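In what follows, a single structure is set out as structure tokens and then discussed.
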Amino acid sequence: MKDLALYRNIGIFAHVDAGKTTTTERILKLTGKIHKIGEVHEGAATTDFMEQEQERGITIQSAATTCFWRDHQFNIIDTPGHVDFTIEVYRSLKVLDGGIGVFCGSGGVEPQSETNWRYANDSKVARIIYINKLDRTGADFYRVVKQVDKMLGAKPLVMVLPIGIETEFVGVVDLLTRKAWIWDDSGLPENYEIKDVPADMVDLVEEYREQLIELAVEHDDEVMEKYLEGEEPDIETLKRCIRKGTLDLAFFPTYGGSSFKNKGVQLVLDAVIDYLPSPTEVKPQPEVDLEGNSTGGLAYVDPEKPLRALAFKIMDDKYGALTFTRIYSGTLSKGDTVLNTATGKTERIGRLVEMHANNREEVDSAQAGDIVAVVGLKNVQTGHTICDPKQPATLEPMVFPDPVISIAIKPKDKGSMEKMGMALSKMVQEDPSFRVETDQESNEVIIKGMGELHLDIKVDILRRTYGVDAEIGKPQVAYRESITKVLPDNYTHKKQSGGSGQYAKIDYVVEPGEVGSGFVFESKVTGGNVPREYIPAVEKGFETSVDKGLLAGYPCVDLKVTLTDGGFHAVDSSALAFEIAARAAYRQSYPKAGPQLLEPIMKVDVFTPDDHVGDVIGDLNRRRGMIKSQDSTPIGSRIKADAPLSEMFGYIGDLRTMTSGRGQFSMEFSHYAPCPSNVAEEVIKEAKERQAAK
């Protein structure tokens, strides 16, 4: 039985280029997991193993690895920094107990750090802060500490002070022990000496140490009383208070160093053990029913309890599908049969592996608190719960944001269509923020994602990993049509040409229906002028016609037809004659009933720093957006608006330019609304040109 107090499940997250992956490399080297350090800029980092990651020097998918420090087991996830891959950060934070937020000593708190910090706040994850790259030109430890306070609304608890800065950076002073850690220039993490505080820093160290103690003792009334009476707590007591404050998210212990030069990383590892929670110290996961409502049950972190585990990531590699799983309670062993509550099906656990980036070590069993990958599960998807079939329960699922951008895609040669279909379905399983659908109207395959880089990488993966060369088109908007006037009308269908003829007469009213009602048909015929058996044929004639409006060929919605009267012939009338009459009646009445074009309106939620609010609102107005609300948050403003989809293509690029990369937005369908006449004319003209070309 493993001692869960010796476990730490942590994630490393930050803005692009703050040095997360380099920091992970240093941790792996220090803990003896790897012997040669791989550099990101050389494309050799352990956790960046995708070709696309090595080329671009960025992390795209989170990588998991396990290592040991001071007899504690660390399960570490290195997450991406780029805004288009925040889904990876979100789902990693969901299953972690603690995190290390890495900030660049010169870049400071960057936009993506804000997003990740917001996700971590939502997931209530305890964190320590590591200010990296203190050897870089322009680095300023104290400025970044102030930014964390001001821009993230978070309280940094400064634990170390840097000795020297930029090229002069040699080490840090540990405020708790009042000792200086000084590294030599060999670049080896183990080559350091512990000395007294440099004479010119003594006053500064005392000032910051006092602030540290004052913040820490607030978390223990007894210690605080003694401190106010003049008795300073010892280091063990201080550590206990700091741990409590960190777990309560009251403050975040803050460290500094240079991962690239191997200076300062040991203190961060010690802090993970001293201040971040073990699996038993975080609130147990709530259990829910299949609709997502709480059942009141909790998954306690205990190997003896029934199995509860959450699949948080699926990765396809040469050995088959790997399902990354966080075990919240119970034990999972090879050969076990488990229940997937989302599908109601059971599956057998074939092999369990502990992942080290893309290498794996097989294990026979894993228990509450572990993060492992299961090989070969068939029907488990991201967010599914696997549990004990005898005592089933579902864990709170993950909520994924809807995609904001879509493009049409088709393979360059016809033979690759099936291959592309299979590849896309695998990619959708791996990444829940990536969606694929077929447009019923144009029969095109549409891929949707979180941003242009996101889809760019997907098309690249299709090409390299699956060997499918694809052409991408420009996105099309799905317009609709409707009518605006109530129009009573009639139509008679007569055909006489040898043999039996055709005859059908209908009197009807077409009118605009309720919003969202689609097509509605009602018959008010009395006295048998239209025999009852022919009425369904009239309904069918109208219903099959509304699929194509006569303005631009888009479906006609919210239309009501009432059949009021008619006439028939004892010999020549038939169901077919009445259906033909109804179709012709639609074509006759539609142009007279005030037809109009409708466009999809999106609910847009924009997050921007306060100093760019004016630009963002002005730009939304130019896009025919209607501003609904504007709220302030500690780290910026949220603007909610309704805007037409046709004006929102390419918005993410413009928003990032306007807000120096710090703006973000999400968008979902809201409703259809009439197009302004100038827009409608343009769309109708394009539709007619397309039809003529066919």
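Keep in mind the model is a prediction, meaning the values are calculated, not measured.
- The main-chain N or O of Pro609 is never found under 3.5 Å from a side-chain atom of His612 such that the two would form a donor-acceptor pair.
- Two residues are said to be in side-chain contact when any heavy atoms from C-beta on lie closer than 4.5 Å; Leu212 and Val158 fail this criterion.
- Within the 3.5 Å criterion, the main-chain N or O of Pro644 finds no donor-acceptor partner in the side chain of Arg624.
- Under a cutoff of 6.0 Å and an axis angle of 45°, Lys458 and Phe434 form a cation-pi pair.
- Salt bridge Arg326/Asp97: present, at least one basic N to carboxylate O contact under 4.0 Å.
- Side-chain atoms of Val148 and Thr254, non-hydrogen and from C-beta on, never get closer than 4.5 Å to each other.
- Of all heavy-atom pairs between Arg243 and Asp274, the closest is NH1-O, 2.7 Å.
- Using a 4.5 Å heavy-atom threshold, the side chains of Asp605 and Lys640 count as touching.
- Note that CZ of Phe251 is 6.5 Å distant from CG of Leu215, once rounded to the nearest 0.5 Å.
- Crowding of Glu168 atom CD: a count of heavy atoms from other residues, nucleotides or ligands under 6.0 Å not exceeding 12.
- Proximity of Leu134 to Lys263: side-chain heavy atoms (C-beta onward) are nowhere separated by under 4.5 Å.
- Side-chain N or O atoms of Asn132 include none that pairs as donor or acceptor with a backbone N or O of Val102 at under 3.5 Å.
- Remark: side-chain polar atoms of Glu214 are not paired, donor with acceptor, to backbone N or O of Gln211 under 3.5 angstrom.
- The distance from the CD1 atom of Ile446 to the CZ atom of Arg435 is 15.0 Å, given to the nearest 0.5 Å.
- Here the closest heavy-atom approach between residue Asp174 and residue Val160 is recorded as CA-CG1, 4.3 Å.
- For the atom pair OG1 of Thr246 and CD1 of Ile128, the computed distance is 8.5 Å after rounding to the nearest 0.5 Å.
- With hydrogens and angles disregarded, no donor-acceptor distance shorter than 3.5 Å links the side chain of Arg662 to the backbone of Thr608.
- Met159 places none of its side-chain heavy atoms less than 4.5 Å from the side chain of Val172.
- By the 4.5 Å heavy-atom criterion applied to side chains, Val436 and Ile409 are not counted as neighbours.
- Note on ring orientation: taking the six-membered ring where Trp is involved, the planes of Trp117 and Phe252 are perpendicular (angle over 60°, cut-offs 30° and 60°).
- For the pair Arg623 and Asp619, the salt-bridge criterion is met [side-chain N within less than 4.0 Å of a carboxylate O].
- Of the possible polar contacts, one joining the Arg209 side chain to the Leu176 backbone as a donor-acceptor pair under 3.5 Å is found.
- A pairwise comparison of heavy atoms in Arg8 and Leu276 identifies NE-O, 3.0 Å as the closest pair.
- Shortest non-hydrogen contact noted between Ile163 and Met201 is CG1-SD, 4.1 Å.
- Under the rule for a side chain to side chain contact (heavy atoms under 4.5 Å, CB included), Ser425 has no partner lying at least two apart in sequence or in another chain.
- Between the CZ atom in Phe141 and the CZ atom in Phe103 there is a gap of 12.0 Å [rounded to 0.5 Å].
- Closest approach of Val145 and Pro156 over heavy atoms only: O-CG, 3.6 Å.
- What you find for Tyr130 and Val265 is that their closest heavy atoms are OH-CG2, 4.0 Å.
- For Trp183 (side chain) and Pro189 (main-chain N/O), a donor-acceptor pair under 3.5 Å exists by modelled atom type.
- The backbone N or O of Ser106 lies less than 3.5 Å from a partner atom in the side chain of Arg143, making a donor-acceptor pair.
- In this structure, the side-chain hydrogen bond (donor to acceptor under 3.5 Å, both in side chains) partners of Ser258, at least two apart in sequence or on a different chain, are Asp135.
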